[in-house]
Visitor: 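First the structure, then my questions, so here it is.
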2 protein chains.
Amino acid sequence: MSTIKDVAKMAQVSTTTVSRYLNEFPNIRPETRERIASAISVLNYRANVAARGLVTKSTRTIGVVASTDVDDFFDNPFFMHVLKGISRAAVQRRYDVLLSTVTGKEGELLSNWIHGHRVDGIVLMKSRVDDPTLKMFACERFPAVLLGRPHGNEQVDYVDNDNVEAALRATQYLIELGHLDIAFIGGSREMVVTEDRLKGYREALRQAAEPVHEEYVKVGQYAKQTGYDLCSQLLRLRRPPTAIVASDDIIATGALQAAHQLGCKVPQDLSIIGFNDIPASEFTIPPLSTVRVHMERLGDGVAQLLFDRVQDPQQPARHLIIKTEIVVRNSTTIVPRRS
Amino acid sequence: MSTIKDVAKMAQVSTTTVSRYLNEFPNIRPETRERIASAISVLNYRANVAARGLVTKSTRTIGVVASTDVDDFFDNPFFMHVLKGISRAAVQRRYDVLLSTVTGKEGELLSNWIHGHRVDGIVLMKSRVDDPTLKMFACERFPAVLLGRPHGNEQVDYVDNDNVEAALRATQYLIELGHLDIAFIGGSREMVVTEDRLKGYREALRQAAEPVHEEYVKVGQYAKQTGYDLCSQLLRLRRPPTAIVASDDIIATGALQAAHQLGCKVPQDLSIIGFNDIPASEFTIPPLSTVRVHMERLGDGVAQLLFDRVQDPQQPARHLIIKTEIVVRNSTTIVPRRS
DNA sequence: TTGTAGGCGTTATCAT
DNA sequence: ATGATAACGCCTACAA
């Protein structure tokens, strides 16, 4: 493995000049430039990232940390699409992406990355209601962007959907179809996104002057199994709901399966609307009505904000809200006659 | 940001001792140990990765490069599940994962990562039939593992499915159902995986003494659109096939859609079998028969081989073949009567 | 058990 | 337009 010294020696110049060449300084004689270029190509030289980072204090790397269970992360197309947006944006700017999923001790990971100068900035995926890591960022003044929104009014950059509004509209849509017994199933209430969507759901009911039946509100994890379990429970209720708002397509998918197995026909007996519009939603049985959240745009936005902040760490916090829209497919219809 | 010197000063010891503490050397007086520990915690110190890497020549990072289109990568659950396996294995060993998707100039990326000492080892996802990057690894003797298999007999570690065998069995299964007009649709023939599965398909036909109709063999990209397009083409043939082997569930999904739109009933009019058994395959209309490839195990295997090689770069090349199995759902049935 | 000093490969500061 | 030299923060002989 050759170093800058080897190149300098072969090109018969000082390491300084080689360094200048590498960093595209203007004032180098074309002749010297030539010699350096050919030396580099002969030696197949590439700058040592560690050495460079040590002095420049920059890594040209951004970290992406998903504070979720590994399965919930990789199995959920939502995250993968956001990740795609981030990755694409990073490649464009010639940055690398460091990826990590940790549950529990994300604090330690972040400490290592931040204080260990491992990354120039961090994307934090999914915020919890009471997120200690968020406080870290605030204290550290380290470039970071949140996917989702903070629960309090912390000064962090973030990109989020209009979740409250979206859930409100989704529920209203069901109400307009004549549904009154509408249930809500979601992931952990520790996630802000769950709270927000639940809030929109409640608000729609309130505006329609309908009561919220607490046995209609159930949560678990952001996984298919949760959808399956909760839907089963709902359908076994004395008075089962005629419609369900699922706070994630993955969950809706599980609900679909449960309904099917319990002989409950969707949408005739039960309407289901999901969230995200993952590709699979188009192919479920029946195709799933859902709230489209523009996953890649979220990723783009997150990357955009992050790189801006890396460049100017002092600027005031910025927020980006991506509008959603309801996609009506075949899992929702007008309310059935009560038997 | 504090350095090892700050810690040393505060703990009233030399940096050497602190370094020893960090690297868990045995001979440190409990008393000193205490002082160092508390200094670290007060200063919230973490070792600078660049500085450490500069001297140790290790990064505790593995690189994952997908030499595919960004969309084909992130949209395909196959890759995401493999990535999950890798990520999990890396976390266990306290390694970080650097992720990159590049099309075209993967050579430059790999050069930078390898010669720039950016990673300790590399996972290369998907091998092309004539892959120059593979030759690079061979020359560089850099720790690397291939997901898929090399086309020639290059000396590289790799993990792969028994693709030829699997496609053979899948096709045989269709033949046993009475099908004779069996088509094959797949991704690019530049990928070894496509060639292997095509080979198994041909072999099954050969063993059954059936001719291979070349108009029944069609390829495109590993994307849903390809499945849609190719299936449409096949169904418009003078004599359309009664069954299709799709070399990826994503492609099969597109085929399903095309059949549906053209009024061709699956499986009554057309049997389709896919590859991979992605989660969505269970929920397509109808649920997809497919070849299960144990995606996460592939990821585990890749990581296992890679870390072994990082530890001992000299050992001879190893290969891991993960057995597949056919999962029969509802997209395949006995051959229909020819009208 | 602990400390001193040199070096890892690069960039930055001053010179020339 | 180019060089000499001193950091950057850590580890590792070697010494005590």
Side-chain angles (χ1 to χ4, degrees), chain A residues 1-40 43-61 94 96 111-120, chain B residues 1-37 39-40 43-61 96 111-120:
Chain A
M1 295 279 130
S2 42
T3 75
I4 201 175
K5 285 185 188 169
D6 302 322
V7 176
K9 202 168 294 173
M10 177 173 283
Q12 309 188 71
V13 292
S14 73
T15 61
T16 313
T17 307
V18 179
S19 175
R20 288 201 182 99
Y21 171 88
L22 293 173
N23 294 287
E24 299 176 332
F25 278 50
N27 297 332
I28 305 176
R29 221 195 304 150
E31 215 173 293
T32 345
R33 192 182 293 277
E34 286 280 295
R35 290 210 311 281
I36 296 177
S38 89
I40 287 179
L43 296 169
N44 204 356
Y45 166 82
R46 295 295 182 293
N48 181 317
V49 185
R52 179 175 275 179
L54 188 54
V55 28
T56 62
K57 269 127 181 48
S58 145
T59 61
R60 291 203 81 80
T61 304
R94 317 200 54 234
D96 280 331
S111 266
N112 283 330
W113 278 8
I114 295 175
H115 294 104
H117 297 272
R118 178 124 239 201
V119 293
D120 292 349
Chain B
M1 294 283 130
S2 43
T3 75
I4 201 174
K5 283 186 190 170
D6 301 323
V7 176
K9 201 168 296 174
M10 177 173 284
Q12 309 188 68
V13 292
S14 73
T15 61
T16 314
T17 309
V18 179
S19 175
R20 289 201 181 100
Y21 172 88
L22 293 173
N23 295 287
E24 299 176 331
F25 278 50
N27 297 333
I28 307 175
R29 220 197 304 152
E31 214 173 292
T32 343
R33 192 184 293 277
E34 287 280 295
R35 289 212 311 281
I36 297 178
I40 287 178
L43 296 170
N44 205 355
Y45 166 83
R46 295 296 184 292
N48 181 316
V49 185
R52 180 175 274 176
L54 188 54
V55 24
T56 63
K57 270 129 180 44
S58 144
T59 61
R60 290 203 82 80
T61 304
D96 280 332
S111 265
N112 283 329
W113 279 9
I114 295 175
H115 294 106
H117 295 273
R118 179 125 239 201
V119 294
D120 292 350

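By convention in this document, chain letters (A, B, ...) are assigned in the order of the sequence lines, proteins followed by strands, and residues within each chain are numbered from 1. For clarity, every value in this text was computed on a predicted model and none was experimentally measured.
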Visitor: Going through the checks in order, is the side chain to side chain contact (heavy atoms under 4.5 Å, CB included) test met by A:Lys57 and B:Met1?
Guide: CA-CA 11 Å; A:Lys57 269 127 181 48; B:Met1 294 283 130; over 6 Å; no
Visitor: NE2 of B:His115 versus P of C:dG9: gap in Å, rounded?
Guide: 14 Å
Visitor: Looking only at heavy atoms, what is the nearest atom pair of A:Ala37 and A:Tyr21, with distance?
Guide: CB-OH, 3.5 Å
Visitor: Taking CZ from A:Arg46 and C1' from C:dT10, how many angstroms apart are they, rounded to a whole number?
Guide: 16 Å
Visitor: Tell me whether the OP1 or OP2 atom of C:dT11 has a side-chain N or O from A:Ser19 closer than 4.0 Å.
Guide: yes
Visitor: Please report the closest heavy-atom contact between B:Thr17 and B:Ile28, naming both atoms and the distance.
Guide: O-CD1, 4.3 Å
Visitor: Hey, does B:Ala47 reach any base, or is it just sugar-phosphate, or nothing, if we go heavy atoms under 4.0 Å?
Guide: sugar-phosphate
Visitor: Can you pull the contact range of chain A along DNA chain D, 5' to 3', using atoms under 4.0 angstrom from its heavy atoms?
Guide: D:dA1 to D:dG9
Visitor: C:dT1 P sits how many Å from B:Glu31 CD, rounded?
Guide: 13 Å
Visitor: With no hydrogens and no angle check, is any side-chain donor or acceptor of A:Thr56 less than 3.5 Å from a backbone partner on A:Arg52?
Guide: yes
Visitor: Once you apply a heavy-atom cut-off of 4.0 Å, does B:Phe25 come out as touching a base, just sugar-phosphate, or nothing?
Guide: nothing
Visitor: Check whether any side-chain N or O of A:Asn48 sits under 3.5 Å from a backbone N or O of A:Ala50 as a donor-acceptor pair, and report yes or no.
Guide: yes
Visitor: Whole angstrom is fine here: how far is it from CG in A:Asn23 over to C1' in C:dA12?
Guide: 11 Å
Visitor: What's the separation between atom CD in A:Glu31 and atom CZ in A:Arg33, rounded to the nearest 0.5 Å?
Guide: 12.0 Å
Visitor: List for me each residue that meets side-chain contact (heavy atoms from CB on, under 4.5 Å) alongside B:Asn112, sequence neighbours excluded, and say none if there are none.
Guide: A:Arg46, B:Glu108
Visitor: Does any N or O in the side chain of B:Thr59 come within less than 3.5 Å of the main-chain N or O of B:Asp120, such that one atom is a donor and the other an acceptor?
Guide: yes
Visitor: Could you write out each protein N or O paired with an N or O of nucleotides 2-6 of chain C at a distance under 3.5 Å?
Guide:
{"unit_1": "C:dT2", "atom_1": "OP1", "unit_2": "B:Thr32", "atom_2": "OG1", "d": "2.5"}
{"unit_1": "C:dT2", "atom_1": "OP2", "unit_2": "B:Arg29", "atom_2": "N", "d": "3.0"}
{"unit_1": "C:dT2", "atom_1": "OP2", "unit_2": "B:Thr32", "atom_2": "OG1", "d": "3.3"}
{"unit_1": "C:dT2", "atom_1": "O4", "unit_2": "B:Arg20", "atom_2": "NH2", "d": "3.4"}
{"unit_1": "C:dG3", "atom_1": "OP2", "unit_2": "B:Ser14", "atom_2": "N", "d": "2.7"}
{"unit_1": "C:dG3", "atom_1": "OP2", "unit_2": "B:Ser14", "atom_2": "OG", "d": "3.2"}
{"unit_1": "C:dG3", "atom_1": "OP2", "unit_2": "B:Thr17", "atom_2": "OG1", "d": "2.8"}
{"unit_1": "C:dG3", "atom_1": "O6", "unit_2": "B:Arg20", "atom_2": "NH2", "d": "2.5"}
{"unit_1": "C:dT4", "atom_1": "O4", "unit_2": "B:Thr16", "atom_2": "OG1", "d": "2.6"}

Visitor: Separation of B:Arg52 atom CZ from C:dC8 atom P, in whole Å?
Guide: 19 Å
Visitor: Using whole Å, report how far NZ of A:Lys9 lies from C1' of C:dG9.
Guide: 13 Å
Visitor: Return no unless some side-chain N or O of B:Lys57 is found under 4.0 Å from OP1 or OP2 of C:dG9.
Guide: yes
Visitor: Go through the steps to decide whether B:Thr32 and B:Arg35 satisfy the test side chain to side chain contact (heavy atoms under 4.5 Å, CB included), and finish with yes or no.
Guide: CA-CA 5 Å; B:Thr32 343; B:Arg35 289 212 311 281; 3.9 Å; yes
Visitor: Describe the nucleic acid contact of A:Tyr21 in one word from base, sugar-phosphate, nothing, applying a heavy-atom distance below 4.0 Å.
Guide: nothing
